[in-house]
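Below, read A as the first sequence line, B as the second, and so on, with proteins coming before strands; counting in each chain starts at 1. All values reported here derive from a predicted model rather than from experimental measurement. Atoms considered below: every heavy atom in the structure, side chains included; atoms not considered: hydrogens, waters and symmetry mates.
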Amino acid sequence: MADALFLAISVLTIGSAIAALEMRSLVYGSIALMGTLGGVAGFYVMLDSPFVAMFQLAVYVGSIAVLILFTVMLVKRELIFKKIEDPKRKFAGIGLMLIVILALGAIIMDSGIKSISTDSDPVDFREIGGDFLTYYWPALVLMALILAGSVMGALVLARREDTVENEQRTD
Amino acid sequence: MVEEHKATLTYTQLLKEDLGIFRLVPEDGVIPDYKAGQFLTIGMPVKSEGGKVVRRAYSIASHPENKKFFEFVIRWVRKPFPGRLTTELFNAESVSGVDFPDEKEIGVTYHLGSYTDPAYSKQVLALATRAPREETPNPGNDSTKLPSLRDMFYSVEFHEREVFEMLGVYFEGHPDNRRLLLPEDWADLPPLRKDFKNKGR
Amino acid sequence: MAEVIPTKEMPPGLQVENVDDRIMTLNVGPQHPGSGHMRIIVKIDGDYIVDADPDPGYVHRGEEKMAEARNYITNIPHLERPVIHDSCNILYPYVLGVEDLVGIEVPERAKYVRVIAAELNRCIYIQYWLAIYGIFLGHSTMFMWPAGDRELFIDLMEKISGARVTHAYFVPGGVRNDVPANFEDVCLRQVNYFEKRIKEYGDIFYDNPILKARTEDTGVLSREDAIRLGTTGSVLRASGVDYDVRVKEPYDVYDELDVHTNVLKAGDSYARSKVPWLDMLESCNIIRQALEKMPKSGSIRTKLKPNPKGGLDEVYRRVESGRGAAGCYIVSKEKPEPYRLKLSVGSFRNLIALPYLLKGEKLGNMPAVYWSLNYWPVEADR
Amino acid sequence: MSVIAPKFRLGYFLKGIFDNAFWILTIVTLAGIPLIQIVLFYMDLPVIDGELLTAFLAFTWLFNPTMQIPLIKSLLYSDLFRIAAFPGFGFAALIAAATIFVERKMLAKLQLRVGPFYCGKIEGLLQLAGDGLKLISKEIIIPAKADKPLFWAAPVLFVGTAAAFVALIPVAPGGWVVADLDVGLLAVFAVIGFFPIITILSAWSANSKFPFIGGIRALHQMVSFEIPLILSLLGVVILTGTLNLSEIVESQSNFPWIIFMPIGAIVFFTAMLAELERIPFDLPEAESEIVAGWLTEFSGMMYGLVQLGSYLKLYAFAALFVIIFLGGWTGPMFWPPLDTELIMEGTPIPNFKGDPVLTVHAPGLPLFDKDPNEWVLQEQGELQYTSGQLLINGVIWFVLKTVAVIFFILLPRGVFPRIRIDMLLHIGWYKLIGLAFVNIFIALGLVYAGVLGPGGIM
Amino acid sequence: MGTATGIIKALNSGVKHLAVKRFTLRYPEQKLKFVGDGYQFDPTTGVGIAGLKGRHMLFHDHCTGCQLCSIACEGVAEAIAMVKVPDSWGQNKKAIMPQIDYGKCVFCGLCVDACPFYALYMSNDYELSSFTKEGLIYTPAQLQVKPQVQQDSELIIDKRGARHG
Amino acid sequence: MSNELIEFVLVSIALLGIGIYGLAVKRNAIRMLFAVEIIVNAANLNLVAFARFMPHSGGQTLALFSIAIAAAEVAVGLALIIVAYRMYKNIDIADFRSLKG
């Protein structure tokens, strides 16, 4: 049963990843990307780490997908269908992809992780919380600063040029 | 800049006991260019005041393109109004066009009131003028034209649009001479002219 | 058509250079829950309205043209059609004008009955208006309460005239019929009850902090602009101009009654919506005074000749209706029909303020500003 | 004189009904029964009295009166029942339907009118059923240039997401919840995050201006109010130290958290109103500005599905408020506990000679029936309750509290006007987030002072 | 704090009204009571008598067939047509009487004012709807029938609000 | 736990390959952002998988960090795309030539 589930989720993940890049419409592409992200969340559930899975859903689907959709709708619609793609480049890309997959796959299959399996209990998410507050606290603070800075930067970038004039108007 | 001319009274018609039409022709015969809403100061020696020349300002009612005479519609005011007409104080109560097919003219009457002046606010001032009328109207492109009063009384904007579509009087200087109430593809006569017949009646 | 392309003045800061993809044109109406029987072509940039162009005329029926084919009496049921909620007040200037033309006197009792009927009708209209103002702002209770309490006044008008909305009650020379026997008691009782009721409106609507935050400082019409645009009625009085035809140029018996003019200074949507509310209280006050001073018996109608004719004359009379000054301009040419009849109504005069006020507002303010102008599309179209 | 429809013929009417019945029967026999068989084949089947309950066995037992009770019991503990009926979809849909009825009648009462009155004879009870029938029978109109797959999918996805939200809500002690996750609260946030996407997708796919403006507004509103929503619940998480909703409820057996965190409750309630698009925050559906917002182009049952989803969402949010701040199902018991022996052993009924021949268990089968495998008596002080009693008591308290919260969600609709979008965003970003942080600091203060939390009373 | 008190005041007002009696008139079960018998013209004072302006009533023994009602209606609605009646009356030699089309009538009552013989007045009957256009045309024989109108409800104002009882 | 580590690693490699393909082929800025997201997710999957099979909380912690930073990255990236769209009226990175200096 679990194997069938694993197969289904991997097909969903990889298929929607390909669809995300290859769909003609960008909106459908973003929906397919949501499928990929949801599939990865499914893998996390299978790996007994529901905390990360829910975090993935909440962050990726709840905010990043919304951002992407919003951007896609902001840019003009005709551009979405404009397809500038070089067939040569496409074949080169496929070749590169195959090389990466084959090389990395060969290396991995050769290495010793092939037979690793475990019977130990999964990590409780309370431990993660503990880690965050004890060992990783400087990283946590740094991440908070990075997040705040990046969001502010994004706001400043995406601000409309005439906002200053608007403020003058309200004065 | 004030010029004095002598003029003769050529025509009077008493409409009511206190309202009359007077036409003046200057003795040198030249009518200067003027716009609607401008006025003329008329002075007359009054016997009861010992022959002193009393000057009063009267609005010109005739059309600016009319180069034959000045026409005035003068009402005898029983209670004297104070002083002057201030354009700021007046607002258009209504602007109504009346079609006079017999006289080949279209009259436009501005009813003006005041909100701030306590004396004027009790009354409504009627300002009447006329424009030539054509049998086959082509609104905007024929001689049925009047200068717009919008620059003076801003509130006449929509009223003049209505008169334009209902009677075909084109208001020169009005920035927005468009249809207001009628549909955009109205191809019949302007409906308030007398030769537009009510269907079914 | 040789039309001049309109160039509207824009508030500073909203001039838009590239119009291609930022501006969205919305057709608000005529089948839009927030428009009434008209269309407003709104151009928005983000949430700001950069241009608004009202397009009335969807219910234009040519009352003025039709009136030229009917005599002075048969015009009565037709002229009240533009505002059936305020039918007495829209008929009032016409009746006064015809009385001037024909030259008849109105009995004293009829004048009082007319004043009472006009004030009752003003309450009916304002409650209807208030109901729609409530639902425009998403306050469904304010839709239902005035619509229900309106029944008090409709019942009274029905007792007087026999019809619930289209009364056809005023005629040149007086009124159509006498009031019923115990009308004074019933009227006093219902008016007193309504005065209690109107305070509840204040609790739930006018003192509501959300409503205040929403409508205060939106669509501000300054005193000078209100005069310059020629607005009238509650819009004018909300901008701080003390003007009411009932006080300034009293008709019938308004000069014998103590009429108080409600004036607010702010000139925003909130003030414009509050003035009619205060007007209703004032109407109750006037009704009470008129009931007191009314002669208990007497004639209520001077008989007219059949097919009365006006002289070669023109007349302009005006009254204060629920939406502001309502005037009637009649040109008569010695015929039983008017040669030209022009209704000058408050809605049409206030319409000019709509594009002026909407420019630079937020889209969310559009219903609040639009309906606070006391605009009744059917009346403006006539 | 008064004929309802002059062209009405009884024969045609009956013929129409028979036609429909014929086709329904045909479809059921040809497709439905095999489908049921297949489902039954793949289900995890329970073992009853040492026998594996197969589909065939179930059908034969249906006609055996003595075996019906075990069958019903096994059905009660199956996953299907939990998802479709009791703590899941059916229960929520029932409360949602009751909510619609209460909303209509209460608003009508507040606005001095009658409300639905004729349909269903008693105060318009069946009005909702009538409306549902109308919506089903209406034609579904899709705009010509709409993006059809997304447009069709949006209402279904909306209901699905709302049902997933409902599945996370525990309603009674003993694990009466569809999905009992350790990270239940985080899962709730993950599910809430789906709503804006569905909204914006449906708004975009309609290819119309008013839905698009409504969708953008809904997006702004939901995204900006998710943050205070999450922050306002963190105080409770800090104090209880768990994300499991059932454990959060059990931590409130002495007092509900609203006593210590009224600010958090107010923030959560306000954010909840905004997430639910209820007045005064119903900007996405502001009908006087943007016809019906993102619902403008929906018609027929698509509109009905969206409404169903939004009322399910309403129930789920109210239940979440009850679980987190009002103590969920905890409350005093309504009746004294049953005798232990009565439940464990049953009551022996003697025959006329006085010999016990038949043992009858407590009434109210199967809730009070003994089942040594699943039912364990729980102790509360000296009194002992069966879990069936606890279940009923818990559900009653839960429903009472939820209805009270729903009342307060509905009440603003009659009292407040709609606010403007910039005011809404201002409230969300400036006031509510600040208040939520105040709430978190209160919780942290209580923890560090040792009053509550892991080191305190708990 | 003004905001908070305002919100509480509004909520209080809303909750208070849950106990106020409903205003709605349940129309087919309850019917409003009107003044008098109907709108008619009083010959003694020369003015009308208040009452509901509903369907007309025609007194055949007063009607002279003078067509004044039809002329009065001409400019308003053109709802009145004069038709032949089979039986003849002494005062009505032409044997024509008004027939009223309620699809056009605006219930203004000018025809009642115009009738010099007080043959026409308006009754309290206002339930005139019909499924066909022909059903709205009332012949003189139909207009003669006095309507059976049952009205009982009146506006009651007491401490629990105004309502129709 | 019936699955083995190698399966997750293989899925992760496949995702990585797709991401590299997207980065190499696509010239649409938003598509490239998609590819980056896919690569980040592949890495996260590896992190969590290894953390599960050699039980240690570090992997999940790192994955959480990674998710949070990815959110920030997407926000900044989309803002950049919007700015570029406003300047060039296009989102094809081949058109962003003047950015080269």
Side-chain angles (χ1 to χ4, degrees), chain A residues 2-3 6 10 13-14 17-18 20-21 26 29 33 36-37 40 43-44 46-49 52 55-56 59 63-64 67-68 71-72 74-75 79 84 89-90 93-94 96-97 100-101 104-105 108 113-114 116-118 120 122-123 127-128 131-132 136 139 143 146-147 150-151 153-154 157-158, chain F residues 1-11 13-18 20-22 24-27 30-31 33-35 37-38 41 44-45 48-49 51-58 60-61 63-65 67-76 78-83 85 90-92 94:
Chain A
D3 272 333
F6 181 84
S10 35
T13 310
I14 295 171
I18 294 170
L21 294 174
L26 258 180
L33 184 70
T36 309
L37 304 176
V40 173
F43 282 132
Y44 294 162
M46 293 184 71
L47 286 165
D48 293 331
S49 39
V52 186
F55 200 75
Q56 162 106 355
V59 171
S63 52
I64 290 182
L67 262 179
I68 289 175
T71 314
V72 167
L74 264 188
V75 302
L79 288 175
I84 316 165
R89 185 195 279 278
K90 191 167 185 174
I94 291 174
L96 185 63
M97 176 181 78
V100 166
I101 289 179
L104 280 177
I108 295 283
I113 66 171
K114 198 173 173 183
I116 291 180
S117 64
T118 183
S120 55
V123 180
E127 271 180 52
I128 303 169
D131 277 1
F132 265 127
Y136 291 106
M143 191 186 73
I146 289 174
L147 273 179
S150 65
V151 168
L157 277 179
Chain F
M1 197 61 218
S2 58
N3 294 95
E4 291 181 356
L5 176 59
I6 187 76
E7 298 169 353
F8 293 100
V9 175
L10 284 180
V11 170
I13 287 173
L15 284 179
L16 173 71
I18 293 168
I20 286 174
Y21 159 77
V25 172
K26 299 292 167 189
R27 279 291 158 263
I30 294 180
R31 293 257 196 236
L33 205 65
F34 288 3
E37 285 305 303
I38 291 171
N41 269 280
N44 285 350
L45 183 56
V48 177
R52 172 70 186 88
F53 283 92
M54 17 188 103
H56 187 265
S57 64
Q60 290 193 32
T61 318
L64 288 174
F65 274 122
I67 291 172
I69 297 294
E73 166 234 320
V74 169
V76 175
L78 288 175
L80 280 173
I81 288 173
I82 287 180
V83 171
Y85 170 70
N90 203 341
I91 49 170
D92 194 326

> For A:L96, is it the side chain, the backbone, both or neither that has a heavy atom under 4.5 Å from a heavy atom of chain F?
Replying inline: side chain
> Given a strict heavy-atom distance threshold of 4.5 Å, which part of A:L33 is in contact with chain F: side chain, backbone, both, or neither?
Replying inline: side chain
> Using a cut-off of under 4.5 Å for heavy-atom pairs, which of F:I67, F:V9, F:I20, F:V11 has the most such pairs with chain A?
Replying inline: F:I67
>> With chain A as the partner, which of F:L16, F:L15, F:I13 has the greatest number of non-hydrogen pairs under 4.5 Å?
In response: F:I13
>> Within this structure, what is the CD-OG1 distance for the pair F:E37 and A:T36, rounded to the nearest 0.5 Å?
In response: 10.5 Å
> For residues A:Q56 and F:N41, is any side-chain donor paired with an opposing acceptor at under 3.5 Å?
Replying inline: yes
> Under a 4.5 Å heavy-atom cutoff, which of A:S10, A:G105, A:S49 has the most pairs with chain F?
Replying inline: A:S49
Please report the shortest heavy-atom distance between [X] and [Y], naming the atom on each side.
X     : Y      : value
F:G17 : A:I101 : CA-CG1, 4.0 Å
A:A20 : F:R31  : O-NH1, 2.9 Å
A:V52 : F:Q60  : CG2-OE1, 3.4 Å
F:L45 : A:Y44  : N-OH, 3.6 Å

> Residues in ring pair (Phe, Tyr, Trp, His ring centres under 6.0 Å) with A:F43, at least two apart?
Replying inline: A:F6, F:F8
>> Quick one, F:L64 and A:F132 - any side-chain contact, counting heavy atoms below 4.5 Å?
In response: yes
> Mind checking whether A:I94 and F:Y21 have side chains closer than 4.5 Å, heavy atoms only?
Replying inline: yes
>> F:A79: which residues meet the side-chain contact (heavy atoms from CB on, under 4.5 Å) condition with it, sequence neighbours left out?
In response: A:A154, A:L157, A:A158
